[in-house]
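These notes are about the structure you will find just below.
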Amino acid sequence: MMRRSRKTARLLGTLAAAALCAGAVQGTASAGALGDGSSSAAPDHVPWQLLRPPMGWSSWSSFHGGISESLIEAQATAMHTTLQKYGYQYVNIDAGWSDHVDQYGRDAWNATKFPDGIPAVAKYVHSLGLKFGIYLVPGIPKAALAANSQVAGTPYHVADIADSTRPGNTAADGSAAIDYTKPGAAAYVQSQADLLASWGVDYIKMDFVGPGGGRVAADNRADIEHWHTALARTGRPIHLELSNSLSFADAAVWAQYSNGWRIEGDVECYSHCPGLTNWSVRVVKRFTDAPQWVPFAGPGHWNDLDSVEVGNGAADGLTPDERQSMVTLWSVESAPLLLGTDLGKLDPADLGLITNPEVIAVDQAGHPAHPVSQATPQQVWIAANPDHSYTVALFNLGDTAAPVTANWSDLGGAKYALVRDLWQHKNLGLLRGGYTATLAPHASLLFRVIPLGK
């Protein structure tokens with residue numbers, strides 16, 4: 001083998017370092033653009049805004065059911081002012097917006113909380129250049145069953161399409177399943193989809209979907225297929241996200257008929273911790289469960305790790321290192337970046353974590369990472385990018401400081417690699433063999449790595 005002179009090696013290193021620096025953001029985001037080599041090709045008919053992992057905010061973590069028209073609009077204004085330029089765009093109302101059904105058995109807004117109506121809130125959100133989301137559960141609501149509501153545009157009523165022997169979802173809320181062999185069943189779902197589209201809805205969180213988590217066993221696979229069809233027929237691009245803790249055995253179904261699905265239970269720990277979430281009780285579970293779902297993620301359909309509880313400092317319930325690790329994991333998994341924190345109380349340090357353009361680019365590139373090994377709490381997660389670079393994340397999941405080593409041999413057998421620290425926006429240069437860092441408990445690092453030489 002020909003040996004390079006030191007001068008030649010230095011020249012190659014300088015040129016490669018320049019390339020790394022020049023492509024630090026662009027290479028991760030655009031060279032990893034969706035549809036240019038992902039294992040799951042982007043469908044031609046899907047609008048571009050539904051192809052990438054969604055970025056935005058959801059009301060549940062910070063406000064639960066205590067939402068109102070003014071609160072949602074205030075959060076939208078805060079997103080527009082501070083976060084929109086980084087790619088955050090969805091303003092999503094979670095549970096608590098509806099308190100009755102209309103004459104056709106469809107969820108209707110609480111007029112006390114939303115005096116001007118949901119369409120008016122959606123219009124305000126859209127006026128800021130943002131997108132609007134809402135919350136639903138599958139099945140026929142208890143109130144619609146009691147009223148035997150008519151199915152809009154048909155001679156049928158919900159009694160004609162209900163299977164009261166089965167729950168409508170996993171929430172144990174008194175709902176009934178829809179029997180799709182009955183006339184009027186598909187029309188009932190279509191009437192809901194058409195109503196939401198007329199309101200200006202861009203995103204639906206469909207909660208308590210089974211098989212999976214929840215309070216009772218239910219099977220909503222047929223519902224999700226019919227919702228997928230109904231939303232397409234509205235002619236409006238509407239993102240369909242499924243929750244919570246979906247069955248892995250049915251991952252192919254979720255990938256075919258939705259834009260995303262929760263792989264775990266709630267990230268919030270409610271009364272079990274003083275903050276919004278907790279590392280050991282909630283966050284660390286995602287490291288265990290995410291790897292098996294990686295093959296099902298791709299353009300237009302993503303693994304959802306739940307909301308990102310970073311933004312409000314100590315109120316997040318995480319240490320600064322844990323907050324960075326949360327954003328790192330969500331980003332390397334190309335998971336939705338939907339903040340659960342109060343956007344009106346953004347902490348300056350947290351703001352730097354959720355607006356780092358190089359880290360956001362990793363998320364939006366759409367190439368989920370997998371762990372090299374999970375034999376120990378010191379883990380390296382990698383993802384190959386179409387431009388022949390790698391995204392490499394180092395995690396110390398242990399409770400004491402420990403070294404974590406990324407070996408370039410795991411990147412196609414490379415001996416050398418150019419390394420850029422994406423959190424620090426810093427080129428580390430040409431490194432031989434690998435990279436070792438001693439990380440504090442629950443800390444992480446994130447790199448873009450270009451392998452050189454075998």
Taking atom [atom1] as the centre, does [X] end up with more than 12 heavy-atom neighbours from other residues, nucleotides or ligands that are less than 6.0 angstrom away?
{"X": "F287", "atom1": "CZ", "value": "yes"}
{"X": "Q424", "atom1": "CD", "value": "no"}
{"X": "H64", "atom1": "NE2", "value": "yes"}

Could you tell me if [Y] and [X] have a donor-acceptor pair between their side chains, going purely by distance under 3.5 Å?
{"X": "D94", "Y": "S59", "value": "no"}
{"X": "N407", "Y": "S409", "value": "no"}
{"X": "S175", "Y": "N169", "value": "yes"}
{"X": "S58", "Y": "S307", "value": "no"}

List the atom of [X], the atom of [Y], and the distance in Å for their closest heavy-atom pair.
{"X": "C269", "Y": "V281", "result": "CB-CG1, 4.4 Å"}
{"X": "G398", "Y": "P377", "result": "N-CB, 3.6 Å"}
{"X": "G366", "Y": "S334", "result": "CA-OG, 3.2 Å"}
{"X": "P451", "Y": "A414", "result": "CB-CB, 3.4 Å"}
{"X": "S444", "Y": "L439", "result": "CA-CD1, 4.1 Å"}
{"X": "P336", "Y": "E241", "result": "CG-OE2, 3.7 Å"}

Keeping to residues at least two apart or across chains, list the disulfide (SG to SG under 2.5 Å) pairs with something in residues 335-411.
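Non-adjacent pairs meeting disulfide (SG to SG under 2.5 Å): zero.
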
Got a salt bridge between K285 and D306, using NZ or NE/NH1/NH2 to carboxylate O under 4.0 Å?
no

Where the side chain of [X] meets the backbone of [Y], is there a donor-acceptor pair that is under 3.5 Å apart?
{"X": "R215", "Y": "A171", "answer": "yes"}
{"X": "D363", "Y": "A335", "answer": "yes"}
{"X": "T234", "Y": "L231", "answer": "yes"}
{"X": "Q75", "Y": "W57", "answer": "no"}
{"X": "S61", "Y": "T341", "answer": "no"}

For H226, which residues count as a ring pair (Phe, Tyr, Trp, His ring centres under 6.0 Å) partner, sequence neighbours excluded?
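Counting only residues at least two positions away or on another chain, H226 forms a ring pair (Phe, Tyr, Trp, His ring centres under 6.0 Å) with Y180.
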
Check the angle between the aromatic planes of Y203 and H239 and answer parallel, tilted or perpendicular using the 30° and 60° thresholds.
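Geometry flag for H239 against Y203: parallel rings.
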
Given ring-ring contact (aromatic ring centres under 6.0 Å, His included), test W261 with F248 step by step and report yes or no.
CA-CA 10 Å; W261 49 86; F248 177 72; over 10 Å; no

Might you work through the side chain to side chain contact (heavy atoms under 4.5 Å, CB included) test for I360 and Y88, ending with a clear yes or no?
CA-CA 10 Å; I360 290 173; Y88 293 89; 4.3 Å; yes

Check whether any side-chain heavy atom of [X] sits under 4.5 Å from a side-chain heavy atom of [Y], and report yes or no.
{"X": "R420", "Y": "N427", "result": "yes"}
{"X": "Y390", "Y": "D410", "result": "no"}
{"X": "P368", "Y": "E333", "result": "yes"}
{"X": "H301", "Y": "N259", "result": "no"}
{"X": "F63", "Y": "D342", "result": "yes"}
{"X": "P53", "Y": "L337", "result": "no"}

Among residues at least two apart in sequence or on other chains, which ones pass salt bridge (Lys or Arg N to Asp or Glu O under 4.0 Å) with R236?
D202

Mind checking salt bridge (Lys or Arg N to Asp or Glu O under 4.0 Å) for R282 and listing every partner two or more places apart, or none if nothing turns up?
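Once residues adjacent in sequence are excluded, R282 has no partner under the salt bridge (Lys or Arg N to Asp or Glu O under 4.0 Å) criterion.
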
Intermediate values then yes/no, ring-ring contact (aromatic ring centres under 6.0 Å, His included), W293 and W254
CA-CA 11 Å; W293 290 88; W254 316 135; 8.5 Å; no

Assess the residue pair Y435 and V449 against the criterion (side chain to side chain contact (heavy atoms under 4.5 Å, CB included)); give the C-alpha distance rounded to whole Å, side-chain angles, the decisive distance to 0.1 Å, and a yes or no.
CA-CA 11 Å; Y435 182 85; V449 177; over 6 Å; no

Excluding sequence neighbours, so at least two apart, what forms side chain to side chain contact (heavy atoms under 4.5 Å, CB included) with T436?
P403, T405

Residues two or more places apart in sequence or in another chain: which of them pass side chain to side chain contact (heavy atoms under 4.5 Å, CB included) with N356?
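Expected list: E358, V359, W423, H425.
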
Should N312 and D347 be marked as a side chain to side chain contact (heavy atoms under 4.5 Å, CB included) after you check the CA-CA gap, both sets of side-chain angles, and the distance that decides it?
CA-CA 5 Å; N312 294 160; D347 175 84; 5.7 Å; no

Apply salt bridge (Lys or Arg N to Asp or Glu O under 4.0 Å) to R448 and D387, showing your working.
CA-CA 11 Å; R448 180 172 181 254; D387 64 354; 2.7 Å; yes

Apply the test ring-ring contact (aromatic ring centres under 6.0 Å, His included) to residues Y124 and H80: give CA-CA distance (whole Å), side-chain angles for both, the deciding distance (0.1 Å), then the verdict.
CA-CA 11 Å; Y124 178 80; H80 173 66; 9.2 Å; no

Walk me through whether W381 and L329 qualify under side chain to side chain contact (heavy atoms under 4.5 Å, CB included).
CA-CA 9 Å; W381 292 49; L329 179 65; 3.9 Å; yes

